K.L.:
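If you scroll down you'll find the structure; I have some questions about it.
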2 protein chains.
Amino acid sequence: MPRGEGKFLIKQRAFLKLYMIRFVEEHKMYGMQAMDELKASFKPFGYEPNHSEIYRSLHELIDDGILMRQKKVQEGAKYKEIVIYQFADYEKAKLYKKQVKTDLDRSMSLLRKALEDVY
Amino acid sequence: MPRGEGKFLIKQRAFLKLYMIRFVEEHKMYGMQAMDELKASFKPFGYEPNHSEIYRSLHELIDDGILMRQKKVQEGAKYKEIVIYQFADYEKAKLYKKQVKTDLDRSMSLLRKALEDVY
DNA sequence: GGATGAACAGCTTGTTCATGG
DNA sequence: CCATGAACAAGCTGTTCATCC
C-alpha cells in the first residue's frame, strides 16, 4: 500500500494496523482493550487513537486477507460480547509488517532531515 | 497550533511552513523555486510536495502574521513574474519554529516507539 | 452498559482549471 | 510559457448515532 511516490508521512491507519497485527500475534486482545492499551501507552506522546480508527484498521486487515474473525465471546459480565481475531494468512501479515517498517523508516528519515535542516 | 490532544503525526502543512520560514530567512526563494528544491531534496525519501501545498503554506503564514508579501519581480525571461516574501513578525516566526520543533520531536518519538514495540 | 459497527461531518491534501504578464 | 492562485475532488480521520446481547 505504501505507493512511494509523492507521499508524506505514514498514515495513522497503517500505524494502527501494525499494532493490531502485533496484538493478534499475542492473541490477547479485542478491539476496545487494544484501544485502551494504545491510549495508555501513547498518551505521554500526545496521541490517543479513537475507537473508530481501531475498528477500521481491523476491518481493513480482514479485507486485506490478513485477519479473520474467530468468534464472538461472552466475557464475564452479563451484557458484554467481544470479537476475537486470528490470522487468515500469516505470511501476508509478515509481508505487511515488512512494508510498514519501510514506511516507518522512511518517515523517520523525513523528520530527522527536517530537524537537521532547520534547527 | 499543535493542540496536543489525541493527534497523530505532524501535518504536512506545518512541515512545509517550517521550510518556507527557513527559505525566507535565507531570503533567496520564491514559491516554485522552493518547491523544486524541496522536491529534489526529498525525492530520495519518497516525498515530493506539490505546488498547491507550497502556496497554501505561504498564504497561511501570511494569515498567521508571520510573513508578508514583499513585491512582485520580473525575472530574466519576458513572461515571468515572481512573489517575494519577508517577515512581518520575526518573533512570531521563531515562536512558530519552536512549536513545530516540539511537534517534530513528538512525532519522532511515536515512530521510534512503534519500531521498538513491533520489530 | 460495554462492545461493535455504520453513518455522517470536517479537515487535509491532491488534481485540475484560470489568470496575468 | 511560467508562476501564482483558486476551485474542485478525493482521501483520511473524528464525532455521532445505531444495534446487539
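Treat the numbers as computed from the prediction; the structure is a model and nothing was measured. The sequence lines fix the lettering, A, B, ..., with proteins before strands; numbering per chain opens at 1.
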K.L.:
Specify the separation, in whole Å, of atom CG of A:L16 and atom C1' of D:dG14.
P.N.:
13 Å

K.L.:
Classify A:F15 by what it touches in the nucleic acid, base, sugar-phosphate, or nothing, heavy-atom distance under 4.0 Å.
P.N.:
nothing

K.L.:
Taking salt bridge (charged side-chain N to carboxylate O under 4.0 Å, His left out) as the criterion, tell me which of A:K7, A:R13, A:K17, A:K98 meets it with A:D103.
P.N.:
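The single option meeting the salt bridge (charged side-chain N to carboxylate O under 4.0 Å, His left out) with A:D103 is A:K7.
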
K.L.:
Rounded to the nearest angstrom, tell me the gap between atom CG in A:N50 and atom P in C:dC8.
P.N.:
18 Å

K.L.:
Taking only side-chain N and O atoms of A:Q12, does any of them lie within less than 4.0 angstrom of OP1 or OP2 on D:dG14?
P.N.:
yes

K.L.:
Could you tell me whether the side chain of A:S52 has a donor or acceptor atom within less than 3.5 Å of a complementary atom in the base of D:dT15?
P.N.:
yes

K.L.:
Using whole Å, report how far CD1 of B:I10 lies from P of D:dC12.
P.N.:
20 Å

K.L.:
Under 4.0 Å between any heavy atoms, over every strand shown, what does B:H51 touch: base, sugar-phosphate, or nothing? Just pick one.
P.N.:
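Base, at least one base heavy atom under 4.0 Å.
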
K.L.:
Given atom CD1 of B:I82 and atom C1' of C:dT19, what is their separation to the nearest angstrom?
P.N.:
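So the two atoms are 18 Å apart, to the nearest Å.
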
K.L.:
To the nearest angstrom, how far is B:H59 atom NE2 from D:dA6 atom P?
P.N.:
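Spelled out: NE2 on B:H59 to P on D:dA6 is 6 Å.
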
K.L.:
Could you state the atom-to-atom distance from CG of A:L58 to P of C:dT4 in whole Å?
P.N.:
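That distance rounds to 9 Å.
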
K.L.:
Would one find a side-chain N or O of B:Y30 under 4.0 angstrom from OP1 or OP2 of D:dA3?
P.N.:
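B:Y30 to D:dA3 OP1/OP2: side-chain N or O found under 4.0 Å.
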
K.L.:
Any side-chain donor paired with an acceptor under 3.5 Å for A:E25 and A:Y90?
P.N.:
yes

K.L.:
Find the distance B:M32:CE to D:dC1:P and express it as a whole number of Å.
P.N.:
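It is 16 Å, rounded to the nearest whole Å.
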
K.L.:
Do A:R13 and D:dG11 share a donor-acceptor pair, side chain to base, under 3.5 Å?
P.N.:
no

K.L.:
Compute the centroid of each ring, for B:F42 and then for A:F8, and state whether the two points are separated by less than 6.0 Å.
P.N.:
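Not under 6.0 Å, so no.
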
K.L.:
Over 60° means perpendicular and under 30° means parallel, so classify the ring planes of B:Y55 and B:H51, tilted if in between.
P.N.:
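B:H51 and B:Y55: perpendicular rings.
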
K.L.:
Whole-Å distance between D:dA6 P and B:Y55 OH?
P.N.:
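Answer to the nearest Å: 11 Å.
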
K.L.:
Mapping A:I84 and A:F8 to their closest nucleotides on DNA chain C, which lands nearer the 5' end?
P.N.:
A:I84

K.L.:
Testing the basics here: between A:L18 and A:Y96, what is the closest heavy-atom pair and its distance to 0.1 Å?
P.N.:
N-CE2, 4.5 Å

